[in-house]
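Every number for a ligand or one of its atoms is a count from 1 in the order of the listing. We number each residue from 1, following the sequence as shown.
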Amino acid sequence: MSKSILITGGAGFIGSHVVRLFVNKYPNYTIVNLDALTYAGNLENLKDIDQQPNYKFEKANILDADVLDQIFTKHGITDVIHLAAESHVDRSISNPLEFVQTNVIGTVNLLNTAKKHWKADYTKHRFHHVSTDEVYGTLGDTGFFTESTPYDPNSPYSASKAASDHFVRAYGETYGLGYVITNCSNNYGPNHFPEKLIPLFINNIIHKKSLPVYGKGENTRDWLFVVDHARGIDTVFHTGKNHESYNIGGFNEWKNLDLVKLLCKQMDEKLGRAPGESEQLITYVKDRPGHDLRYAIDATKINKELGWSPSVTFEEGLSLTIDWYLNNTEWLNNVTSGSYQAYYEQQYVNR
Ligand code: NAD
Ligand code: DAU
């Protein structure tokens, strides 16, 4: 069946991989990428597919309800995959209100628009909300997040994502809007903005700058290659059950310090540096306030019910990621000029 899918946040890290997958895999769908192009949005991420006939771009802000209405009418939007968000925990600690605006109010604006345009028959349309495992809070040394783990968000970012998940669910229960929610673990891969751990450290290793590990580096994250997340979204969008949530993750936990050491090792090899050289750049800095200790996704449901599983190992994915950054220095230089420098000073130098 032909669809006209609005993908929000499609110029960002994960969104660009979702847009690419859908544009290439579904030539009979129209893919409308709606993005405000904040500091995190970059159309360079899509230059390999932006001339395809089934791809359209709309520069718009999800806070502007009138524009959303016009875009739904103009493109006859049948479905939404919603990724647009403020996504960085550290920025949410400095500026929580911006996260409430985009992540909560922006999501409610989109829900209202979908409700209005799809009211003739909600069963013919799907609102796929892309969320995070951080809504579940933090784990101790054992256990996993399942789809029935109670929400317990700790950062302004995760609180805003939890609120948006609740609104999506409420629109399903109250008005009958068709929806699915996916809660994914930490992504890594090409096009990741260098404010997040892996791309920030890759950039710093290239430039022989210090690697600021928060606290003792004992926090644990569960890492998934971004292309596998995009494949998971494709799977749930097409075959997930209406009004259900699916966790997405690769059973791939790493303590931050162990991950940073692996990254240093792989980069020393690729850059022809002496073994152990980059590890000397590790510096322990003041911890992130409210720093969640451990995330770990139980991905049994999506695996058993929908047949999704990751396609690459972490070592392979990390190696591909490093190669991408080493081969795309222009991309990296462009995104780390200008306002990035001011962010870096505020976050790391004047900490
Ligand atoms: P990102 O910060 O790289 O990209 C966000 C995109 O949204 C950018 O292109 C930005 O321009 C756009 N955007 C921001 N505010 C907007 C607004 N008001 N209107 C329109 N567009 C706006 O984020 P990401 O890491 O790609 O994350 C995408 C989604 O996936 C988010 O909803 C995030 O919560 C979720 N998620 C991320 C991860 C992760 O590890 N990065 C893991 C699980 C879930
Ligand atoms: O779990 C999914 C979430 O993963 C997503 O919802 C978020 O959008 C995404 O940003 C990510 O959140 P994290 O806070 O886990 O990712 P980040 O890359 O910021 O940090 C990963 C770990 O590394 C975390 O324990 C904090 C630590 N860290 C991070 C930075 C930026 C450092 O030690 N030093 C740093 O400079």
Side-chain angles (χ1 to χ4, degrees), residues 7-19 33-43 45-46 58-64 67-68 81-93 98-99 101-103 105-107 109-110 129-136 138 145 155 157-158 160-161 164-165 182-189 191-201 204 210-224 226 229-230 233 248-249 254-257 259-260 282-288 291-297 344 347-348 351:
I7 300 185
T8 70
F13 166 46
I14 301 169
S16 61
H17 288 274
V18 176
V19 167
N33 170 17
L34 181 158
D35 200 296
L37 301 181
T38 69
Y39 79 92
N42 186 349
L43 289 176
N45 295 346
L46 292 164
E58 293 281 357
K59 183 175 186 310
N61 196 311
I62 55 171
L63 290 172
D64 190 336
V67 167
L68 292 181
I81 303 178
H82 177 36
L83 297 106
E86 288 294 333
S87 68
H88 190 36
V89 173
D90 291 329
R91 290 186 193 253
S92 82
I93 294 168
E98 202 169 5
F99 283 67
Q101 276 158 354
T102 289
N103 299 0
I105 299 174
T107 300
N109 276 340
L110 259 182
H129 181 58
V130 177
S131 191
T132 168
D133 60 356
E134 299 199 13
V135 298
Y136 299 122
T138 186
F145 296 135
S155 72
Y157 162 69
S158 53
S160 69
K161 291 296 291 186
S164 66
D165 292 13
T182 44
N183 296 87
C184 189
S185 61
N186 284 65
N187 285 216
Y188 70 97
N191 311 98
H192 204 180
F193 192 81
E195 62 186 349
K196 312 282 168 60
L197 179 74
I198 290 180
L200 182 104
F201 279 31
N204 284 12
S210 69
L211 306 177
V213 170
Y214 295 165
K216 293 182 181 154
E218 285 174 349
N219 303 68
T220 297
R221 296 292 182 265
D222 183 356
W223 294 94
L224 183 71
V226 63
H229 185 191
I233 289 172
I248 308 182
W254 285 80
K255 267 197 177 25
N256 289 344
L257 194 56
L259 184 154
V260 170
I282 293 174
T283 337
Y284 296 93
V285 301
K286 199 168 121 204
D287 209 350
R288 173 186 279 174
H291 196 172
D292 287 334
L293 179 67
R294 176 172 165 258
Y295 304 146
I297 281 277
Y344 201 90
Q347 181 63 26
Y348 295 101
R351 204 176 158 79

Discussion item. Measuring from non-hydrogen atoms of Gln347 to any atom of ligand 2, is the shortest distance under 4.0 Å?
Written reply: no
Worksheet item: Taking only residues two or more places apart in sequence, or in another chain, which ones meet Tyr295 in a side-chain hydrogen bond (donor to acceptor under 3.5 Å, both in side chains)?
Response: Glu134, Asp292
Worksheet item: Any chance NZ of Lys196 has more than 12 other-residue heavy atoms, nucleotides or ligands included, within less than 6.0 Å?
Response: yes
Fill in: Asn256-ligand 2 polar pair, N/O distance under 3.5 Å
yes
Worksheet item: Taking both backbone and side-chain atoms of Val213, is any N or O found less than 3.5 Å from an N or O belonging to ligand 2?
Response: no
Worksheet item: For Tyr214, is at least one N or O under 3.5 Å away from an N or O on ligand 2?
Response: yes
Worksheet, complete the sentence: Pocket residues around ligand 1 (non-hydrogen, under 4.0 Å) come out as Gly9, Ala11, Gly12, Phe13, Ile14, Asp35, Ala36, Leu37, Thr38, Ala40, Gly41, Ala60, Asn61, Ile62, Leu83, Ala84, Ala85, Ser87, Thr102, Val130, Ser131, Thr132, Tyr157, Lys161, Cys184, Ser185, Asn186, Asn187
Item to complete: Return a yes/no value for Thr132: is any of its N or O atoms, backbone included, closer than 3.5 angstrom to an N or O of ligand 2?
Response: yes
Worksheet entry | Any residue meeting ring pair (Phe, Tyr, Trp, His ring centres under 6.0 Å) with Tyr284, in chain and number order, not counting sequence neighbours | none
Item to complete: Determine whether the side chain, the backbone, both or neither of Leu197 has a heavy atom under 4.0 Å from any heavy atom of ligand 2.
Response: both
Practice prompt. Return the set of residues passing side-chain hydrogen bond (donor to acceptor under 3.5 Å, both in side chains) with Arg221 (not counting sequence neighbours), or none when no residue passes.
Written response: none
Discussion item. For ligand 2, which is the ligand I care about here, please tell me if Ser87 has any N or O atom under 3.5 Å from one of the ligand's N or O atoms.
Written reply: yes
Worksheet item: Distance only, no hydrogens: is a donor on one side chain within 3.5 Å (strictly under) of an acceptor on the other, for Asn191 and Ser16?
Response: no
Practice prompt. Report the C-alpha separation of Tyr348 and Asp90 in whole Å, then their side-chain angles, then the decisive distance to 0.1 Å, and conclude whether the side chain to side chain donor-acceptor pair (under 3.5 Å) test is met.
Written response: CA-CA 11 Å; Tyr348 295 101; Asp90 291 329; 4.5 Å; no
Worksheet item: Looking at ligand 2, does any of its N/O atoms fall within less than 3.5 Å of an N/O of Glu134?
Response: yes
Discussion item. For Glu98, is there an ion pair with Arg91 - N to carboxylate O distance below 4.0 angstrom?
Written reply: no
